[in-house]
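Structure record follows, encoded as structure tokens.
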Amino acid sequence: MLDIKLIRDQPDVVRAGFARRGEDPALVDQVLRLDERRRELLREVEALKATRNLVSKEISKMKDAAAREAKIAEMRALGDQIGEFDRQAAAADAEFDALMLVLPNLPDQRVPVGTSEHDNIVVRTEGTPRAFDFTPKPHWELGEALDIIDFERGIKISGSRFFVLKGAGARLQRALVGWMLDTHTTKHGYTEVLPPYVVKADALVGTGNLPKFGENLFRIEGHDLTLIPTAEVPVTNLYREEILDAGQLPIYHVAYTPCWRNEQMSGGRDVRGIKRVYQFDKVEMVKFVEPAHSYAELLTLIDNAEQICKALAIPYRLLELCTADLGTAVMKYDLELWAPGVDEWLEVSSCANFGDYQARRANIRYRPEHGAKPEFVHTLNGSGLALPRVMIAIIENYQQADGSIVVPEVLRGYMGGVDVIR
RNA sequence: GGGCAGGUGACGGAGUGGUUGAACGUGCUCGUCUCGAAAACGAGUUAGGGUGAAACCUACGGGGGUUCGAAUCCCCCCCUGCCCUCCA
């Protein structure tokens, strides 16, 4: 959510920000009109209430019965009027609030302007793709042959875009989860959190998934509960409606959870393999920081995710996302692992600074110092990393001519001595 | 799912229709005192909106109602604790 004061005081700045990311600048004028109307109604109803409060106090001291009754009758009429204004003011508020919740965030000035994901910038590429003396196979062929991914039975029990990991495949993913969590908690300073996997609508509004981006969510029928699309939702909402002490910041959390996404918009794309599925696991990092530090915190967040890619010894690249691909962030970077079997770069991490956009929605504040007014924190999050695509990258990069898969060195301690899956 | 008891500021805890935005205590901040600290004493200390600053408005779990006036009365819902039931 944006600061209404910013919109009032510097509408041109907001219009320009919307234009940079391809949103309609006229939204600004629409919100200003609604703001003016609701404030006008508020001023009127508050003046009436002030009168009522004053007279009510007088009534309590009045001795003369007739005069008292007259005042009460007068206030009864005023009460009806207040009720009518209250209703109008509430309606105007609701309209204003609804628009505020769908306004996009303003991109950071440093973000390159673009009109689609094609305008994202490759910042750098690390590692060299391995030279194969045979044709590398896609992970679905290798996974099925080794009996570590069972596509058919996943579809049988849950439908398309669900899969089953089995034997060394299940063990490999568990090893990755354990290793990633250990790395972030012991080397990068994150505190592990194991949150609920379903949340109330409020939480989704807090992170910005609702009301605008609800089409990819799985809702639980008959309940106000939704399966989380990412751990970002429960973890960011951990401190909703709270005022933190400055001494508590920065807060770093890391959480491993399954994620559910109803990929309606992706049509028939990526139907093979485990690249795009309805349920996947992910290790997610979330930060709550003081506003002045959020840019520096984004850089370390990216580095934390990058360390995982680096340690796996798989080629990867860092992308700076353009204004069209920002989602609700002010600034965002993606990490992509190279996958030789499917012959493409796979997005395994998205690291973003949201500024105070989520903090305003979720009302997450901190007190800069004793006695000071509470201010909104800045929130950030980044995948560290998304599991199925890391699995793809490992399977395809570490495959051997005979179809076996070498276990990356960093994971061997987590694999109970298995160094080759065959 | 059933029953009982509750939900008030950072915390404990008063308050059952009218100077209560909230007693009292604790904590915290500043000051006096002190070589320094503790103790003691004094002052301050909820949040949101609003204003140049005030005034003023709103909020005592949430929503609705009664009333000139509600933290206080009524209705619905949510949450917490305990007991029973159920269950991994």
Side-chain angles (χ1 to χ4, degrees), chain A residues 1-10 31-101 194-206 210 220 222-226 234 237-249 251 258 288 356-377:
Chain A
M1 200 153 64
L2 298 179
D3 186 354
I4 184 60
K5 285 177 187 158
L6 175 71
I7 303 176
R8 280 179 207 150
D9 299 344
Q10 299 178 277
V31 81
L32 285 174
R33 270 197 304 278
L34 290 177
D35 181 46
E36 188 42 52
R37 186 155 68 91
R38 80 171 237 288
R39 290 212 290 169
E40 197 180 310
L41 285 164
L42 194 63
R43 274 193 293 273
E44 292 182 51
V45 76
E46 285 190 355
L48 295 180
K49 283 181 177 175
T51 304
R52 179 174 69 180
N53 288 346
L54 198 71
V55 175
S56 286
K57 265 179 196 166
E58 286 170 12
I59 289 175
S60 69
K61 292 172 195 151
M62 288 175 82
K63 296 279 188 285
D64 185 278
R68 187 187 162 96
E69 280 311 311
K71 275 291 179 199
I72 288 177
E74 206 177 297
M75 286 306 103
R76 194 175 291 141
L78 185 64
D80 292 342
Q81 210 180 334
I82 288 171
E84 178 51 35
F85 271 93
D86 260 340
R87 271 186 291 281
Q88 286 183 33
D93 270 350
E95 211 175 323
F96 171 77
D97 292 343
L99 183 59
M100 285 297 280
L101 281 178
L194 188 65
Y197 301 156
V198 291
V199 291
K200 298 191 283 184
D202 289 349
L204 290 154
V205 171
L210 287 179
I220 310 268
H223 297 267
D224 172 27
L225 288 174
T226 301
N237 278 280
L238 236 32
Y239 303 104
R240 189 170 83 226
E241 310 292 341
E242 291 192 30
I243 300 174
L244 305 164
D245 288 329
Q248 290 176 263
L249 300 178
I251 294 173
F288 303 84
D356 64 10
Y357 189 81
Q358 293 183 324
R360 278 181 194 282
R361 299 173 76 99
N363 199 20
I364 307 168
R365 294 172 295 171
Y366 78 108
R367 221 179 278 281
E369 49 195 83
H370 281 296
K373 280 239 172 213
E375 289 179 20
F376 292 107
V377 301

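Chain naming here is simple, since letters A, B, ... match the order of the sequence lines and numbering starts at 1 in each.
- To the nearest 0.5 Å, the span separating CD on A/Glu241 from CD1 on A/Ile364 amounts to 9.0 Å.
- As rounded to the nearest Å, B/C87 and B/A23 have P atoms that lie 50 Å from one another.
- Of the residues in residues 68-87 of chain A, A/Arg68, A/Ile72, A/Met75, A/Arg76 come within less than 4.0 Å of RNA chain B through at least one heavy atom, sorted by number.
- Atom CD in A/Glu58 sits roughly 13 Å away from atom C1' in B/U19 (whole-Å rounding).
- Taking the P atoms as reference points, B/C74 lies 16 Å from B/C4, given to the whole Å.
- Counting heavy atoms from C-beta outward, A/Leu238 and A/Ile251 have side chains that stay 4.5 Å or more apart.
- Look at the P atom in both B/A59 and B/G69: the space between them is 13 Å, to the nearest Å.
- Contact of the A/Arg8 side chain with the A/Ile4 side chain is registered, since non-hydrogen atoms from C-beta on lie closer than 4.5 Å.
- Atom CZ in A/Arg38 sits roughly 7 Å away from atom P in B/G50 (whole-Å rounding).
- Rounded to whole Å, the P atom of B/C68 lies 25 Å from the corresponding atom of B/G61.
- A pairwise comparison of heavy atoms in A/Ala362 and A/Gly206 identifies CB-CA, 4.0 Å as the closest pair.
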Give every pair of a protein N or O atom and an N or O atom of nucleotides 54-59 of chain B that lie under 3.5 Å apart, one pair per line with the distance.
{"residue": "B/C57", "atom": "OP1", "partner": "A/Asn53", "partner atom": "ND2", "Å": "2.8"}
{"residue": "B/C57", "atom": "O2'", "partner": "A/Glu46", "partner atom": "OE2", "Å": "3.4"}
{"residue": "B/U58", "atom": "OP2", "partner": "A/Asn53", "partner atom": "ND2", "Å": "3.4"}

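- Among the heavy atoms of the strands lying under 4.0 Å from A/Arg365 are primed sugar atoms or P, OP1, OP2 only; no base atom is included.
- The distance between atom CZ of A/Phe96 and atom C1' of B/G48, rounded to the nearest whole Å, is 14 Å.
- In terms of heavy atoms, A/Asp35 sits closest to A/Phe96 at CB-CE1, 3.7 Å.
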Handout entry: Strand RNA chain B in bracket notation, Watson-Crick/G-U under 3.5 Å with | for pairs to another chain
Key = ((((((((.[[[..)..(.....]]]((((((.......))))))((((......)))).[[[[[..)....]]]]])))))))....
Show me the side-chain donor-acceptor pairs of residues 64-75 of chain A shorter than 3.5 Å, one per line, residues at least two apart or across chains.
{"residue": "A/Asp64", "atom": "OD1", "partner": "A/Ala66", "partner atom": "N", "Å": "3.2"}
{"residue": "A/Asp64", "atom": "OD1", "partner": "A/Ala67", "partner atom": "N", "Å": "2.8"}
{"residue": "A/Arg68", "atom": "NH1", "partner": "A/Ile59", "partner atom": "O", "Å": "2.8"}

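- To the nearest angstrom, P of B/G50 lies 11 Å from CG of A/Asp9.
- Atom CZ in A/Arg360 sits about 16 Å away from atom C1' in B/A47, given to the nearest Å.
- For the P atoms, the distance from B/A43 to B/G48 is 27 Å, rounded to whole Å.
- Distance, A/Glu241 CD to B/G62 P: 11 Å, rounded to whole Å.
- Taking atom P on both nucleotides, B/G3 is separated from B/C56 by 47 Å, rounded to a whole Å.
- Between A/Ile4 and A/Ile59, the residue anchored nearer the 5' end of RNA chain B, judged by the nucleotide with its closest heavy atom, is A/Ile4.
- The separation of B/U46 from B/G9, taken at their P atoms, amounts to 13 Å, rounded to a whole angstrom.
- Counting heavy atoms from C-beta outward, A/Lys200 and A/Leu225 have side chains that approach closer than 4.5 Å.
- Screening residues 40-51 of chain A for side chain to side chain donor-acceptor pair (under 3.5 Å) gives A/Glu36-A/Arg43, A/Lys49-A/Asp86 as the qualifying pairs, with residues at least two apart or on separate chains.
- Atom CE in A/Met1 sits about 12 Å away from atom C1' in B/G48, given to the nearest Å.
- Taking only side-chain nitrogens and oxygens, A/Arg8 comes nearer than 4.0 Å to OP1 or OP2 of B/G50.
- Taking 4.5 Å as the limit, every side-chain heavy atom of A/Met100 sits out of range of all side-chain heavy atoms of A/Arg360.
- Side-chain atoms of A/Leu204 and A/Thr226, non-hydrogen and from C-beta on, do get closer than 4.5 Å to each other.
- Heavy atoms of A/Lys5 sit under 4.0 angstrom from primed sugar atoms or phosphate atoms, though from no base atom.
- With sequence neighbours excluded, no residue satisfies salt bridge (charged side-chain N to carboxylate O under 4.0 Å, His left out) with A/Asp97.
- Considering every non-hydrogen atom in both A/Ala246 and A/Pro368, the closest pair reads CB-O, 3.3 Å.
- Between A/Ile243 atom CD1 and B/C28 atom P the separation is 19 Å, expressed in whole Å.
- Across all their heavy atoms, A/Arg361 and A/Val205 have their closest contact at NE-O, 2.7 Å.
- If you take atom P in B/G27 and the same atom in B/A38, they sit 12 Å apart, rounded to whole Å.
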